Structure formats: C-alpha cells, structure tokens
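For clarity, every value in this text was computed on a predicted model and none was experimentally measured. A, B, ... follow the sequence lines: proteins, then strands. Residue 1 opens every chain. We use all heavy atoms of the structure for the numbers below, so side chains are in, but hydrogens, waters and symmetry mates are not.
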There are 2 protein chains.
Amino acid sequence: MVGKASRTRYAILQHAADRASMDGLEGLTIGSLASDLQMSKSGLFAHFGSKEDLQLAVVEHAAARFAEEIVAPAQQAPAGGERLRAYCEHYLDHLEHSVFAGGCFWAAAACEFDDRPGAVRDAIADGVRVWLAELERQARLAGLPRPAEVAFEIYSLGLGANACTRLLHDTRAFALTRATIQQLLAARATTINGEPPASRVNLRAGE
Amino acid sequence: MVGKASRTRYAILQHAADRASMDGLEGLTIGSLASDLQMSKSGLFAHFGSKEDLQLAVVEHAAARFAEEIVAPAQQAPAGGERLRAYCEHYLDHLEHSVFAGGCFWAAAACEFDDRPGAVRDAIADGVRVWLAELERQARLAGLPRPAEVAFEIYSLGLGANACTRLLHDTRAFALTRATIQQLLAARATTINGEPPASRVNLRAGE
DNA sequence: CCTACCGATCGGTAGG
DNA sequence: CCTACCGATCGGTAGG
C-alpha cells in the first residue's frame with residue numbers, strides 16, 4: 001500500500017519540480033511551497049531533512065519523470081537510428097506539451113548548478129551523463145561515425161530548442177529542431193570527407 | 001574625464017557579472033556585493049535605483065563585454081563562412097579562458113529568466129536575438145542553405161559546450177565542439193539531399 | 001502533520 | 001558615499 005505520507009510527498013515533489021523548472025531549484029522556498037499546497041511550513045519540511053534534501057528529492061523525481069515520458073516510450077523503436085529519432089521526438093513533445101510549466105527541468109537545473117559544488121550538482125551531472133551516454137550508445141548502434149559528436153549535437157540541440165521556445169517564444173523552434181536533427185542524421189549517415197559510416201545496416205536492431 | 005562614480009559603477013558591474021555567471025542574476029544580493037567590494041550596502045545601492053535596475057545594468061554590461069571580446073575581434077575575418085568560424089573560435093576561447101568565472105553569462109541568464117516576465121528577461125532575449133540574427137546573416141553571406149538552421153545549430157552547440165565544460169568538467173568539450181562545427185559547416189556546404197548551396201563563393205567577402 | 005518561535009539576511013529607506 | 005534602521009521572509013527548531 002502507498003501510505004498517505006508518500007502520496008503527500010509525491011504531490012510536493014511534483015509541484016516543486018514544476019516550480020523549479022520556472023524559478024530554479026534555489027528559488028524553491030519551503031514557505032511558498034507550503035502555502036501553494038495549503039500545508040504548514042513545518043508540515044512540509046518534515047518530509048525532508050533540509051532544503052538540500054528537498055532539492056535532491058526533486059532531482060530524483062525529475063529523473064523518474066524523464067525516464068517515464070521520454071526514455072521508456074522510445075524503447076518501442078528499434079535500437080539505433082530509429083530510437084535516436086524517437087528520443088528527439090519524445091523530448092520535443094515533452095517540451096511542446098509543457099510537462100513541466102517551465103520547459104525542460106534538466107536544462108534549467110544544469111545551468112543553475114553548474115558552478116555550485118555539492119550533492120545537488122552531482123546528482124544533476126549524473127542525470128545529464130546518463131542521457132549523453134545513452135545517446136552515444138544509440139549513435140554507435142546506428143553505425144554512425146563519431147558517436148560522441150552525434151550525442152553532443154543532439155544534446156545541444158535540445159538545449160537550443162528549450163531556450164528558443166522558453167526565452168524567445170519562437171514557435172518555429174520545434175520545426176527548426178526537427179529539421180536540423182533530420183539534416184544532421186542524414187549528413188552523418190552519408191559519406192563525408194572520405195569517411196563512410198561503419199555500417200549502414202543496424203546489425204543489432206533486435207536487441 | 002571618467003568620474004570616480006562611473007569607475008566605481010564599472011567595478012561593481014564587472015564583479016556582479018562575474019558573480020551572476022555563477023550564482024545567477026537573482027542570486028546577486030546587494031549585501032554580498034557590497035561586502036565583496038568593501039562598500040556599505042547603501043553606498044552600492046545608490047548607484048542603482050533597485051535590484052531590477054542593477055540586474056538590467058549587469059545585462060547591459062555583459063552585452064558590451066560580449067561585443068568587445070567575441071564580436072569585434074571576429075570582424076577581422078571576411079564576412080561569411082570565415083567570420084562564422086571566427087565567432088565560434090572566439091566564443092570557445094571566451095569559455096576556455098573563463099572571462100566570467102561561471103562560463104557564459106548569457107547561457108546562465110537565459111535559463112534563469114526564460115520563464116519570468118519583466119524588463120530583465122526582455123533585455124536578455126534581445127541580446128540572444130541579436131546574436132542569432134548575426135549568425136544567420138553570416139550563414140546567408142556564406143551562401144549556406146537554410147541559414148536559420150545553421151544559426152540555430154551554432155547557437156545550440158555554444159550552449160552545449162558551456163554545459164559540458166561547466167557542469168560535467170569535460171575537458172574534451174572544446175575539441176568536440178570545434179570538430180562538430182567544422183563537420184556541420186562542411187556538411188552544409190556540400191550538396192546534400194539534392195540541394196546545393198546557393199553559392200560556394202563569398203560574393204560579399206570584402207564588405 | 002500543527003503552532004509558535006529563533007537568528008540571519010533580504011531589498012529598500014531616512015537622514016546626513 | 002556613510003550609519004542606522006524598517007518590515008518581510010528566509011531555513012530551521014522546539015514541543016506537541
């Protein structure tokens with residue numbers, strides 16, 4: 001059974017991740033979260049030992065949501081190039097439908113904590129590393145040359161899409177990102193500068 | 001003559017931009033800035049009318065520094081593809097040499113304010129728009145197809161390079177970014193999907 | 001989960 | 001540019 005306390009905790013984390021995607025993890029305050037959720041400050045605080053523990057719990061929660069909404073659905077697509085496209089598509093959908101009110105939680109968290117030492121930063125960095133490693137793995141399975149470059153490019157385009165839509169309110173950003181990713185996967189799969197891809201056939205598509 | 005007050009103001013803004021690149025514009029506090037600069041709170045505050053005015057002044061200062069250190073030096077290169085490469089090179093140098101202690105001020109500011117309405121956000125968005133428009137202009141002068149895509153890609157790779165170095169402390173990020181940009185400019189300049197570039201010769205190189 | 005409270009710090013002001 | 005101060009809010013605690 002899922003206890004009342006854990007349901008309350010989930011509701012706190014969901015709301016906190018939403019707020020953090022807009023105002024940042026440091027912008028979260030125990031007082032304003034409590035008033036949003038109609039609890040007392042100390043009632044909310046009792047679920048966590050400190051503000052840092054709250055921030056860590058929010059990062060964990062956001063990782064679970066990312067896995068649920070972007071990584072898991074893409075497992076339907078065969079490994080390699082098609083799964084890479086599925087990741088991009090689900091990521092853009094996630095942005096387009098504003099799963100978190102402030103766009104990509106990870107883009108916001110990475111920028112905010114990239115110069116602050118501590119456990120929160122380490123947790124955010126781990127999440128980003130896992131994502132980059134998975135992109136690189138699929139690029140390699142797709143037989144694309146320089147898979148680390150492909151992973152870096154796709155990751156970067158995600159950051160760009162998030163920035164263009166959130167900051168510039170540029171509605172063309174989604175189409176632009178889709179076109180750019182199509183373009184880059186096509187270009188990479190083509191012989192360029194005399195370096196053909198290792199294989200055009202996805203040998204491990206069934207794994 | 002440059003008055004004492006304006007020199008003090010410059011010193012405040014330089015230090016504030018440095019701090020903001022690490023802790024964000026909202027993380028700036030009048031008290032900590034004053035103590036860093038060995039002034040009284042109200043002494044520092046007197047240079048600005050409010051915290052928001054201070055943030056706006058910091059954004060303006062950062063725009064001037066970006067123009068000085070990235071845009072101006074690249075004017076040495078001929079317009080078009082070479083200038084695009086020069087922009088990338090100077091941007092990466094700017095990151096590599098940590099002109100601001102926390103890496104790219106603009107990447108940090110864009111993430112932080114992308115969901116907060118107000119004058120500060122508008123100023124940041126304007127700065128980003130100017131940069132994207134200049135990248136697109138040079139891509140067009142270079143005769144590259146889809147200049148808006150090229151601009152978006154280069155902008156995104158800058159965000160990626162900043163994130164990889166600051167958050168992941170990944171020292172390969174600079175080389176990876178340089179390689180990726182070389183790759184993308186080469187791929188774009190090549191006939192792909194039956195669409196040749198408008199012109200391989202930079203007709204307006206002398207402008 | 002609550003009320004009631006703590007010391008510290010916030011942005012900002014008065015008056016010089 | 002300074003000292004001295006304001007009300008509000010911060011993270012966190014005591015005690016229940």
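Regarding B/Phe48, its CZ atom lies at a distance of 10 Å from the P atom of D/dC1, rounded to whole Å. When rounded to the nearest whole Å, the span between CD1 of A/Ile30 and P of C/dC1 equals 15 Å. The interatomic distance linking A/Glu26 (CD) with C/dC10 (C1') rounds to 14 Å, in whole Å. As rounded to whole Å, 16 Å separates atom C1' of C/dC2 from atom CG of A/Leu37. Atom NE2 in A/His47 sits roughly 16 Å away from atom P in D/dG12 (whole-Å rounding). Taking atom CG of residue A/Leu54 and atom C1' of nucleotide D/dG11, one finds them 11 Å apart after rounding to whole Å. Residue A/Phe45 contributes atom CZ, which lies 5 Å from atom C1' of D/dG12 at whole-angstrom precision. One interatomic measurement links the two molecules: CD of A/Gln55 to P of D/dG11, which rounds to 9 Å at whole-angstrom precision.
Residue A/Lys51 places no side-chain atom within donor-acceptor reach of the base of D/dG12, judged by atom type and a 3.5 Å distance cut-off alone.
When each of A/Ser32 and A/Gly49 is assigned the nucleotide of DNA chain D bearing its nearest heavy atom, the one mapping closer to the 5' terminus is A/Ser32. Take the nearest nucleotide of DNA chain D for B/Lys41 and for B/Arg9: the residue whose nucleotide is more 5' is B/Arg9.
Checking the phosphate oxygens (OP1, OP2) of D/dC1, a side-chain nitrogen or oxygen of B/Thr8 falls inside 4.0 Å. For the OP1/OP2 pair of C/dC10 and a distance below 4.0 Å, the side-chain nitrogens and oxygens of B/Thr29 include at least one atom meeting the criterion.
Residue A/Ser42 places its side chain closer to C/dA4 than to any other of C/dG12, C/dA4, D/dT3. If you check C/dC1, C/dG12, D/dG11 against the side chain of A/Ala46, the one that comes closest is C/dC1. Candidate nucleotides D/dG11, C/dG11, D/dT3 were compared by shortest atom distance to the side chain of B/Ser40, and D/dT3 ranks first.
Remark: B/Arg7 is not positioned above the aromatic ring of B/Tyr10, lacking an NZ or CZ atom under 6.0 angstrom from the ring centre and at most 45 degrees off the axis.
Electrostatic pairing of A/Glu82 and A/Arg85 does not count as a salt bridge here, judged by no charged N lying under 4.0 Å from a carboxylate O.
The environment of CZ in B/Arg129 is crowded: more than 12 heavy-atom neighbours from other residues, nucleotides or ligands sit within 6.0 Å.
Relative ring orientation between B/Tyr87 and B/Trp131 is described as perpendicular, the plane-to-plane angle rising above 60° on a 0-90° scale split at 30° and 60°.
At the heavy-atom level, A/Leu28 lies under 4.0 Å from the strands shown only through sugar-phosphate atoms.
Nucleotide D/dG16 forms a Watson-Crick or G-U wobble pair with C/dC1, both donor-acceptor distances falling under 3.5 Å.
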* To do: Dump the intermediate steps for side chain to side chain donor-acceptor pair (under 3.5 Å) on A/Thr29 and A/Ser32, then the final yes or no.
  => CA-CA 5 Å; A/Thr29 72; A/Ser32 65; 2.7 Å; yes
